[in-house]
Amino acid sequence: MRVDVWTDINCPFCYIGKARFEEALAAFPQRDQVEVIHRSFELDPTAGASEPVVPRIAAKYGISEAQAAANERGLGAQAQQLGLPYQVDGRDSGNSFDMHRLLHWALELGRQEALLDALYAANFAEPEPAFGSRDRLVAIAESAGFDGAAARAVLDDPTAYADAVRADEETAKRIGIGGVPFFVFDGKYAVSGAQPAEVFTEALTRARGEAPLTVIGDEDAEACGPDGCELPPRD
């Protein structure tokens with residue numbers, strides 16, 4: 001079975017949804033028969049190199065920076081319930097195209113999961129900004145055990161894996177993906193958003209049968225789309 005997962009490093013619900021999916025996957029009896037491939041989805045292809053998250057959220061939703069900071073704390077609380085570290089102060093966001101190119105490079109090397117985890121950790125768990133610096137991306141790759149010179153060579157060639165990123169994004173458009181995370185199970189079932197682990201368990205179980213692509217779970221589950229991320233309740 002193959003699970004294709006459309007994600008963006010900017011997306012907090014992709015970070016959270018990955019953990020919930022992995023909880024279900026770890027308990028799945030046929031775990032060793034499941035291949036997971038992470039696909040590219042840029043929430044904002046026009047984004048600049050780097051900008052602080054809180055002012056961006058405030059401007060996007062027309063709320064105060066205090067409210068935006070409270071939303072970050074709400075996301076942090078959700079992450080912490082799953083044992084995920086979450087840096088609620090000082091995070092940045094930015095253009096993720098180079099990150100997606102590196103993820104396709106890592107896929108070719110058979111180690112995509114390791115790089116994705118390192119990118120999520122850099123964005124959500126570490127105080128140093130994750131976006132806007134190729135040196136930072138090389139360091140993130142090295143922290144996951146990749147050769148830094150090889151990673152830099154990919155980054156220095158703007159054409160490297162660019163077509164693979166665009167192909168993923170075209171596929172997302174073709175099958176109607178409007179937000180991430182979005183999981184497709186063997187081309188038969190789809191799960192949209194950071195659903196509870198039991199929804200992923202149902203999808204894994206049902207995907208062993210024959211059926212056309214069917215969305216499982218609540219269509220309104222928390223996700224990030226081109227117009228932004230779902231805002232958690234403010235405290």
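The figures here come from the full heavy-atom set of this structure, side chains too, leaving out hydrogens, waters and symmetry mates.
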Grab the two heavy atoms, one from G179 and one from F41, that are nearest each other, plus how far apart they are. N-CZ, 4.3 Å
Is the count of non-hydrogen atoms from other residues, nucleotides or ligands lying under 6.0 Å from D117 atom CG greater than 12? yes
Short N-O contact, D163 and R166, less than 4.0 angstrom: no
Determine yes or no for a side-chain-to-main-chain donor-acceptor pair under 3.5 angstrom, with N95 supplying the side chain and A47 the backbone. yes
Would you name the heavy atoms of S40 and D168 that are closest together and state the gap between them? N-OD2, 2.9 Å
Residues, nucleotides or ligands: over 12 heavy atoms within 6.0 Å of D157 CG: yes
Would you verify whether the NZ or CZ of R111 falls within 45 degrees of the ring axis of F146 while also being under 6.0 Å from that six-membered ring's centre? yes
Can you sort out the partners of K173 under salt bridge (charged side-chain N to carboxylate O under 4.0 Å, His left out), two or more places apart, ordered by chain and number? E170
Who passes salt bridge (charged side-chain N to carboxylate O under 4.0 Å, His left out) against E126, sequence neighbours left out? R136
In terms of the angle between their ring planes, are F124 and Y15 parallel, tilted or perpendicular, with boundaries placed at 30° and 60°? parallel
Has R56 got a side-chain atom pairing as donor or acceptor with E51's backbone, closer than 3.5 angstrom? no
Going by atom types only, do Y161 and E108 share a side-chain donor-acceptor pair under 3.5 Å? yes
With side-chain hydrogen bond (donor to acceptor under 3.5 Å, both in side chains) as the test, pick out the partner of Y86 among Q80, R73, R91. R91
